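Please read the structure below before turning to the comments.
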Amino acid sequence: MDSSVARIPCAFRYLEGMTELPTRCFLLARQGPDDAERDVEIHLKELAELARAAGLEPVGQKKLKRAATEARSFYGKGQLEMASEEAKAAGATLLICDDDLSGSQTRNIEKATGLGCLERTGLILSIFEQRAQTREARAQVELARYEYELPRLKGAWTHLERQGGGVGLRGGPGETQIEVDRRMTRQRISQLKKELVHLEQVRETQRQGRVEGMPRIALVGYTNAGKTSLLRALTGAGEPKDMLFATLDTTTRKAWLGADDETGKPKQALISDTVGFIRKLPHQLVAAFRSTLGEVRTAEALLVVADAASIELDAHLKVVGSTLREIGCGDHPRLLVLNQADRLTRPRRIDLKKKHPHAAFTNALEKDGIEEVREWLRELIPGPAKPRESEWWELAESDQEPEASAF
Ligand SMILES: Nc1nc2c(ncn2[C@@H]2O[C@H](COP(=O)(O)OP(=O)(O)OP(=O)(O)O)[C@@H](O)[C@H]2O)c(=O)[nH]1
Ligand SMILES: [Mg+2]
């Protein structure tokens with residue numbers, strides 16, 4: 001089969017009647033007057049990784065410099081024309097945009113360029129749809145998809161209506177269909193919410209049934225930081241992958257922490273691996289994943305895992321800090337685990353040690369530094385955790401030091 005027409009399954013129901021996503025895509029991002037070129041490039045790099053995680057093949061990218069956005073097509077006709085010519089020359093059939101586009105802007109871009117168009121949130125949703133395994137994860141992703149599609153329904157049907165020749169007729173068959181579709185979507189949303197409440201109750205019962213004296217710890221952090229690798233280093237379970245959002249389902253395993261220094265009794269903790277965070281994590285997903293993230297909320301303490309070698313470390317920490325606050329875990333006791341420390345240069349390691357004096361430096365693959373993590377966990381039994389000072393990335397924007405807000 002010609003690779004340019006190879007397709008992967010996609011549940012994006014309203015995308016121009018497509019049932020599958022084409023593989024070759026071209027990435028676009030707006031560079032506004034306040035956006036540094038380097039930042040836009042980093043965001044495009046992350047978008048390319050997201051596209052790969054969705055099974056797509058990025059074949060090119062373009063930063064579109066625009067002082068203001070355009071209401072109809074966001075990027076403006078001229079810029080879009082140039083970008084779509086480049087995209088078509090590279091063999092792409094789909095544009096992926098890093099910016100938040102409305103449903104009608106997405107469709108206008110499709111009409112103007114003759115290419116498919118998907119924005120960041122839609123892309124992340126399709127990754128989650130492909131990965132969700134358990135009943136709970138599937139229900140959560142489906143809920144997020146419907147919440148995302150609901151405000152977009154109108155335009156999608158208008159488009160189909162046009163194909164049928166009934167443009168803009170009030171009360172015509174298209175409009176009735178929109179109403180039917182909206183009603184059915186709302187019904188499904190409320191069904192899914194009920195199902196999730198039930199599943200959350202089951203989870204809560206399981207939690208209550210867990211052994212006393214065994215603290216529950218959640219691994220949290222930016223996607224691809226090494227959370228699953230750390231779970232593996234601590235418990236022997238878990239399949240790490242070099243891929244964004246490899247983990248969607250929560251896995252909980254027992255970790256042996258060694259013997260109590262005084263009594264000699266063995267100490268254990270339950271460690272949960274969780275879905276990773278990302279810049280601009282779609283709010284529909286955060287809301288839908290509330291019950292999975294409940295594992296984080298009800299944990300006694302958190303291991304906040306970060307890829308220490310990423311040039312985006314500070315930006316990642318900031319995203320993690322604000323997502324934790326958003327899900328109601330701003331005050332949980334935590335240990336910052338600066339993972340992938342084997343990839344650090346010596347000067348960078350010294351610098352990070354100064355910036356994060358309480359952090360553990362680990363190489364989860366070789367289990368370096370894991371003993372320090374175990375020791376911190378051991379000290380949680382019997383709880384509660386010792387009080388500690390917050391670092392800048394854990395604080396709300398208004399409380400951050402001026403130096404920190406430069407990121
Ligand atoms: N060099 C090095 N690579 C690591 C380390 N820890 C993890 N990795 C690699 O980083 C990649 C991501 O690891 P995962 O453990 O899957 O990361 P994650 O945070 O669970 O990622 P998601 O579940 O996708 O959010 C894998 O390719 C790992 O082999 C480390 O300490 N050093
Ligand atoms: Mg993982």
Side-chain angles (χ1 to χ4, degrees), residues 45-46 49 52-53 131 214-261 266-278 296 299 301-317 319-320 333-381 385 391 393:
K45 197 164 164 247
E46 185 175 87
E49 279 170 40
R52 279 187 212 103
R131 302 274 161 77
M214 211 191 284
R216 281 182 306 100
I217 313 298
L219 287 160
V220 293
Y222 210 79
T223 183
N224 218 29
K227 300 175 292 299
T228 304
S229 306
L230 205 70
L231 178 80
R232 200 178 172 83
L234 285 165
T235 71
E239 282 299 324
K241 278 189 196 134
D242 189 9
M243 182 184 272
L244 303 191
F245 296 119
T247 307
L248 278 200
D249 297 308
T250 308
T251 313
T252 302
R253 290 284 181 277
K254 216 183 275 179
W256 294 90
L257 304 174
D260 186 304
D261 292 341
K267 286 189 168 187
Q268 298 172 52
L270 285 170
I271 319 266
S272 297
D273 190 11
T274 61
V275 59
F277 303 156
I278 198 165
V296 179
L302 310 177
L303 292 175
V304 180
V305 188
D307 173 0
S310 166
I311 51 165
E312 284 289 274
L313 174 64
D314 286 341
H316 289 179
L317 286 176
V319 168
V320 172
R334 66 195 61 179
L335 172 70
L336 175 62
V337 181
L338 291 175
N339 189 40
Q340 314 215 16
D342 51 301
R343 294 173 51 226
L344 290 174
T345 59
R346 225 179 113 72
R348 178 74 177 137
R349 192 183 170 108
I350 293 168
D351 181 42
L352 285 177
K353 192 89 206 154
K354 261 191 234 149
K355 275 186 168 163
H356 306 283
H358 306 296
F361 285 73
T362 58
N363 168 357
L365 302 186
E366 299 297 328
K367 298 195 183 176
D368 289 341
I370 298 299
E371 198 38 49
E372 199 182 330
V373 177
R374 280 209 189 94
E375 200 178 305
W376 186 83
L377 293 172
R378 262 202 309 269
E379 284 180 10
L380 291 173
I381 314 169
E391 291 193 0
W393 55 272

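Keep in mind the model is a prediction, meaning the values are calculated, not measured. Counting begins at 1 with the first residue of the sequence.
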- prompt: Are Lys227 and Thr247 close enough, and set up right, to give a side chain to side chain contact (heavy atoms under 4.5 Å, CB included), and what steps lead you there?
  reply: CA-CA 9 Å; Lys227 300 175 292 299; Thr247 307; 5.9 Å; no
- request: For atom NZ of Lys45, decide whether the heavy atoms of other residues, nucleotides or ligands shown that lie under 6.0 angstrom number more than 12.
  value: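 No, the 6.0 Å shell around NZ holds no more than 12 heavy atoms from other groups.
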If I take atom [atom1] from residue [X] and atom [atom2] from residue [Y], how far apart are they, to the nearest 0.5 angstrom?
X      : Y      : atom1 : atom2 : result
Lys355 : Asp314 : NZ    : CG    : 4.5 Å
Trp376 : His358 : CH2   : NE2   : 12.5 Å
Glu49  : Phe245 : CD    : CZ    : 11.0 Å
Leu317 : Glu312 : CG    : CD    : 11.0 Å
Met214 : Ile271 : CE    : CD1   : 10.5 Å

How far apart are the closest heavy atoms of [X] and [Y], and which atoms are they?
X      : Y      : result
Leu248 : Val275 : CD2-CG2, 3.7 Å
Thr250 : Ser272 : CG2-CB, 4.0 Å
Ala308 : Leu344 : O-CD2, 3.4 Å
Arg378 : Gly258 : NH1-CA, 4.3 Å
Glu46  : Leu244 : O-CD1, 4.0 Å
Leu338 : Ala359 : CD1-CB, 3.9 Å

Counting only N and O atoms by type, is there a donor-acceptor contact under 3.5 Å from the side chain of [X] to the main-chain atoms of [Y]?
X      : Y      : value
Thr274 : Leu219 : yes
Thr362 : Ala364 : no
Asp307 : Gln340 : no

Side chains of residues 231-241: which donor-acceptor pairs under 3.5 Å do they make with residues two or more places apart or in other chains?
from, atom 1, to, atom 2, distance (Å)
Arg232, NH1, Gly238, O, 2.4
Thr235, OG1, Leu231, O, 2.8
Thr235, OG1, Ala237, N, 3.2

- prompt: Taking side chain as C-beta onward, heavy atoms only, is Arg334 less than 4.5 Å from Val220?
  reply: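 Arg334 vs Val220: side chains apart.
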message: Measuring only between side-chain heavy atoms, which start at C-beta, is Leu230 closer than 4.5 Å to Ile370?
response: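 Leu230 reaches Ile370 side chain to side chain.
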query: Ion pair present between Arg348 and Asp351, side-chain N to carboxylate O less than 4.0 angstrom?
result: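 Here Arg348 pairs with Asp351 in a salt bridge, since their nearest N and O are under 4.0 Å apart.
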message: Between the side chains of Lys267 and Glu379, is the shortest nitrogen-to-carboxylate-oxygen separation below 4.0 Å, so that they form an ion pair?
response: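 Salt bridge between Glu379 and Lys267, a charged N being under 4.0 Å from a carboxylate O: no.
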task: Evaluate side chain to side chain contact (heavy atoms under 4.5 Å, CB included) for Phe277 paired with Thr223, printing each intermediate quantity in order.
output: CA-CA 5 Å; Phe277 303 156; Thr223 183; over 6 Å; no
task: Please lay out, stage by stage, how Leu303 and Ile217 fare under the test side chain to side chain contact (heavy atoms under 4.5 Å, CB included).
output: CA-CA 7 Å; Leu303 292 175; Ile217 313 298; 3.8 Å; yes
Arg131: salt bridge (Lys or Arg N to Asp or Glu O under 4.0 Å) partners, not counting sequence neighbours: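 Here no residue qualifies.
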- request: Only counting residues at least two apart or in another chain, list the ones meeting salt bridge (Lys or Arg N to Asp or Glu O under 4.0 Å) with Arg52.
  value: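 Once residues adjacent in sequence are excluded, Arg52 has no partner under the salt bridge (Lys or Arg N to Asp or Glu O under 4.0 Å) criterion.
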- request: Verify side chain to side chain contact (heavy atoms under 4.5 Å, CB included) between Leu365 and Asp342, making sure each step is shown before the conclusion.
  value: CA-CA 10 Å; Leu365 302 186; Asp342 51 301; 5.8 Å; no
